[in-house]
Number of protein chains: 2
Amino acid sequence: MAEIQSLARGLKMMELIALAEGGMGITELAEQIGVDKSTASRLMGTLATYGFAEQDATTRRYRLGPKVVTLSRYLLTRMPLREQAKPFLHRLVDRTGEGAHLAILAQGGALYIDQVESPATLRATTGVGTIAPLHCTALGKALMTFGNLPQPQQMKAFTARTIVDADTLRVHLEQTRRQGYAVDDEEYEYGVRCVAVPVYDYRGKVVGAIGVSGPAGRMSLERVPEIARIVMEVGKDLSDRLSFR
Amino acid sequence: MAEIQSLARGLKMMELIALAEGGMGITELAEQIGVDKSTASRLMGTLATYGFAEQDATTRRYRLGPKVVTLSRYLLTRMPLREQAKPFLHRLVDRTGEGAHLAILAQGGALYIDQVESPATLRATTGVGTIAPLHCTALGKALMTFGNLPQPQQMKAFTARTIVDADTLRVHLEQTRRQGYAVDDEEYEYGVRCVAVPVYDYRGKVVGAIGVSGPAGRMSLERVPEIARIVMEVGKDLSDRLSFR
DNA sequence: CCGATTGTTGGGAATTATACAACTACCTGT
DNA sequence: ACAGGTAGTTGTATAATTCCCAACAATCGG
């Protein structure tokens, strides 16, 4: 009785319809959750009346409702870190010409909570709300290394460069720690390189990470150290800013 | 029995903690919903286990969890309109130097589903997920006028310029229809002007609106017609793009 | 036009959520 | 330091709510 069944089922349904391309039907939902059609129908009806889901007028299939978008905004706008970091993201874009991102640790991954896009036509953008793995993204590595987190047990390979061996990663992170910044060299997505550093709050605790990412063509390996210098500098400024108050 | 009680209560709680600055305590939540502390505690516990809420480690108060952000992203990335409109938003920013926004009709208001920020230091930005009133924003007026929606019954005043009289608004919208674009002249926020046009899908139905907004200093009333020409042109291009398929 | 599949409503049974209570942890003021 | 108070988390029995079964409506495909 620790968990309220019908609420849990409703939440599971939200996750299911979120992932399903083009919405989901009641029957399929009922099967996935393991309940009767009628139960699923009523649960979805409740979600719909509160705006968390909506039913397509023609296909009768359910998809997520606008309420989740508004709630997400409430959450994001109430994050002090996000507010404080915004100008520094802009500074990163101005100085590097690449897209800048801010992430925090959530759900065992790096949750992107803000971004400023590159003005270039060809740009690497990871949408706000993405949860990226820790072991193969610059932001994730920064969070993991400087936040002293244990390495993930499972390390999925996304590209041929993804580090999947625990020992290799350990060595890699030791170097990351020494140099003070993390790099993702096409380990998560082909053709995209990232550089990131941790962000500390007033008590020296890692509260997030910021970094830039761009197409490998512009973000050449020779240019990475230069980018890293900028990211470290801006990251330090942001952490300094967070020291006050 | 049309509405599942415990699910509804859980959803209401999410809305409550979303709005509360600095989170909410169980006791207050229980009062607001009208249930016992124990019930509220268990409901919140369920929300927390699924990531829809989280409990502050020190204050024990509850706030929204990261799951809503990820769900929001799923919803947004699966919107064809958003994907199609993105390059046109960039084009608007390139050609006007002001911030560009994309909105759809949701929950009786204009729901901002994407934005591209202005490169200028002083910029007007309305975050993705905002639901703005229809009667005093350019995007809202565009949706309302060209989507042939009835005027809202209640028209709240946000600034001294906000149109609150139904007849005045009707005349204003008639002009909007004639000129083909909608303007918000500091009617929602002081110092911010917006220009917007509707977006049509392949069957000629209004599916959203795009526009630019900027500080009144740069977006002078003399410049509005010029901006409007650009917005109308880009809006037309986007609608043309949506005509195919 | 008919069969089939999908989504929505009724109603009885029983699981489940609820309120009450006791308990623990924390904070605050003296 | 201590006591009083407040806030949050467990037990537990009751009874209300939700669940499954079934029938029904509606849409789709052949």
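We name chains A, B, ... by the order of the sequence lines, and we start the count at 1 in each one.
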> In whole Å, I'd like the distance from the CD atom of A:Glu3 to the P atom of D:dT9.
15 Å
> Consider the side chain of A:Gln55, meaning its heavy atoms from C-beta on, and name the nucleotide among D:dG8, C:dG7, D:dC20 that approaches it most closely.
C:dG7
> For the base of C:dC20, is there a side-chain donor-acceptor partner from B:Ser38 under 3.5 Å away?
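Yes, a donor-acceptor pair under 3.5 Å.
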> For residues B:Leu134 and B:Leu105, determine if any side-chain heavy atom of one lies less than 4.5 Å from a side-chain heavy atom of the other.
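Heavy-atom side-chain distance check passes, below 4.5 Å.
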> Measure from CD1 on B:Ile4 to P on C:dA17 and round the result to the nearest Å.
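Nearest whole value for this atom pair: 11 Å.
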> Scan A:Arg9 against the nucleic acid and name what it touches under 4.0 Å (heavy atoms): base, sugar-phosphate only, or nothing.
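Touches sugar-phosphate only.
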> Once you round it to whole Å, what is the distance between P of D:dG8 and CG of B:Leu29?
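It is 9 Å, rounded to the nearest whole Å.
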> Which of the following nucleotides, D:dC19, D:dT9, C:dT6, is nearest to the side chain of B:Lys37?
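Ranking D:dC19, D:dT9, C:dT6 by closest atom to the B:Lys37 side chain puts D:dT9 first.
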> Atom CG of B:Asp36 and atom P of D:dA16: how far apart are they, to the nearest Å?
16 Å
> Could you state the atom-to-atom distance from CG of B:Asp56 to P of D:dG8 in whole Å?
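After rounding, the gap between these two atoms is 12 Å.
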> Counting just side-chain N and O atoms, does A:Thr39 come under 4.0 Å of either OP1 or OP2 of D:dC20?
yes
> Do B:Lys67 and A:Met14 make a side-chain contact, defined as non-hydrogen atoms from C-beta onward lying under 4.5 Å apart?
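B:Lys67 vs A:Met14: side chains apart.
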> Without decimals, in angstroms, what is the distance between B:Ile33 CD1 and C:dT18 P?
11 Å
> What is the nucleic acid contact for A:Glu28, judged by heavy atoms within less than 4.0 Å: base, sugar-phosphate only, or nothing?
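No contact.
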> Taking the minimum atom-to-atom distance to the side chain of B:Ile26, which one of D:dT12, D:dG8, D:dT18 wins?
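For the B:Ile26 side chain, the nearest candidate turns out to be D:dG8.
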> Does D:dA7 have OP1 or OP2 under 4.0 Å away from a side-chain N or O of B:Tyr62?
no
> Please state how far atom CE in B:Met13 lies from atom P in D:dG8, giving the value in whole angstrom units.
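The distance from CE of B:Met13 to P of D:dG8 comes to 11 Å, rounded to the nearest Å.
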> Any sub-3.5 Å donor-acceptor pair from B:Ser239's side-chain atoms to B:Tyr200's backbone N or O?
yes
> Would you indicate whether the side-chain heavy atoms of A:Thr46 and A:Tyr50 approach each other to under 4.5 Å?
yes
> Check this for me: does any side-chain nitrogen of one of B:Arg241 and B:Asp237 sit under 4.0 Å from a carboxylate oxygen of the other?
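So B:Arg241 does not pair with B:Asp237 through a salt bridge.
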> Check the distance between D:dT18's P and A:Leu43's CG and give it to me in whole angstrom.
9 Å
> For A:Met24 and A:Gln5, find the nucleotide of DNA chain C closest to each by heavy atoms; which residue's nucleotide sits nearer the 5' end?
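This one resolves to A:Met24.
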> Starting at the 5' end of DNA chain D, which residue's closest nucleotide do you reach first, B:Thr59 or B:Ser6?
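Going by which nucleotide is closer to the 5' end, it is B:Thr59.
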